[in-house]
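This report concerns only the one structure given below.
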Amino acid sequence: MLPHKTLPREFYARNPKTVAIELLGKILVRRLGNAHLKGIIVETEAYYGIDDPASRAREGMKRYNMPMWDTPGLAFIYNVHNNWMLNVVAHEPNSVGAVLIRALEPLSEIELMMANRRVNNIIKLTSGPGRLTRALKIDKELNCVDLTMSEGPLFIVDGEVAHEIGSSHRIGVRRDLNEELRFYIKGNPFVSVSERRIRPSNQP
DNA sequence: CGCCAGATTGACT
DNA sequence: GTCAATCTGGCGG
């Protein structure tokens with residue numbers, strides 16, 4: 001089997017919703033020294049620009065959210081309640097957007113991930129946006145890293161997983177759009193919130 | 001500088 | 001189910 005190829009820039013230069021759906025099954029790779037920590041992306045969320053009340057871009061361009069206006073395929077990383085959120089910049093030309101990586105299925109260097117998280121329950125290892133960044137040692141140092149570069153510390157490569165896709169409203173946001181923008185691989189045990197625990201909508 | 005909100009998590013009733 | 005820890009960025013004084 002040939003080594004997986006990184007996803008090209010054009011992959012990310014599309015509507016965030018499309019990118020969120022197509023990132024499912026792809027493989028996130030974190031290089032730490034000689035080790036490659038890998039996980040299959042099993043859950044994502046799409047965020048738009050100023051028209052999206054749940055988006056970090058809703059208040060217009062600030063220093064911390066500038067990557068959302070930047071080149072598609074860069075990492076956009078910020079902190080929420082002491083947890084780092086890993087996003088991929090994704091939008092059409094002259095637009096704004098990002099995709100949040102919410103859960104991974106651990107693939108390789110699982111021992112290292114467990115050591116980083118100090119848990120021995122593999123289900124809890126990378127099932128959640130804050131959990132996976134801890135397991136893969138991802139923080140603001142990697143903000144704006146180019147995820148199309150296999151020479152870098154963090155990148156995304158093609159996967160070969162056939163899967164069925166589920167969708168729901170986004171998790172944990174205060175003001176959601178009336179649109180399902182969370183996507184996950186159906187039946188995958190590493191998805192952060194089980195299907196039956198999802199309410200039909202976040203709308204008031 | 002202090003205050004507050006937030007795309008969370010883990011511990012606990 | 002409840003609830004607090006803990007950090008960062010934005011904003012007001």
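Everything quoted here is computed from the prediction, not taken from an experiment.
Lys26(A) contributes a side-chain N or O that, together with a main-chain N or O of Glu22(A), makes up a donor-acceptor pair within less than 3.5 Å.
Judged by Watson-Crick or G-U wobble contacts below 3.5 Å, the nucleotide dT6(C) has no partner.
Note: OH (Tyr78(A)) to P (dG10(C)) measures 13 Å, nearest angstrom. Rounded to a whole Å, the NZ atom of Lys62(A) is 9 Å from the C1' atom of dC11(C). As a whole-Å value, the separation of Arg174(A) CZ from dC4(B) P is 14 Å. Taking atom CZ of residue Phe76(A) and atom C1' of nucleotide dT8(C), one finds them 12 Å apart after rounding to whole Å. Residue Glu59(A) contributes atom CD, which lies 12 Å from atom C1' of dG6(B) at whole-angstrom precision. Tyr64(A) places its OH atom 9 Å from the P atom of dC11(C), with the value rounded to the nearest Å. Rounded to whole angstrom, the span from the CG atom of Asn79(A) across to the P atom of dC7(C) amounts to 9 Å. Counting to the nearest Å, the P atom of dG6(B) and the CH2 atom of Trp84(A) are 18 Å from each other.
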Let me have a per-nucleotide readout for nucleotides 8-13 of chain B, 5' to 3', with B, S or -, counting only protein heavy atoms under 4.0 Å. BSS---

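Side-chain contact check for Phe76(A) versus Asn143(A): some heavy-atom pair is nearer than 4.5 Å. In this structure, the side chains of Ile171(A) and Arg182(A) come closer than 4.5 Å at one or more pairs of heavy atoms. Considering only heavy atoms from C-beta on, Arg58(A) stays 4.5 Å or farther from Asp52(A) through its side chain.
With Ile138(A) as the fixed residue, the side chain to side chain contact (heavy atoms under 4.5 Å, CB included) test singles out one of Asn116(A), Ile77(A), Leu37(A): Ile77(A).
Look at Arg58(A) and you won't find any side-chain N or O under 4.0 angstrom from OP1 or OP2 of dA5(B). Between Lys140(A) and dC7(C), a side-chain N or O to OP1/OP2 separation shorter than 4.0 Å is absent.
Between His36(A) and Phe155(A), the angle of the ring planes goes over 60°, which puts this pair in the perpendicular group of the 30/60° scheme.
Defined by atom type and a distance below 3.5 Å, a donor-acceptor pair is present between the side-chain atoms of Arg102(A) and Ser192(A).
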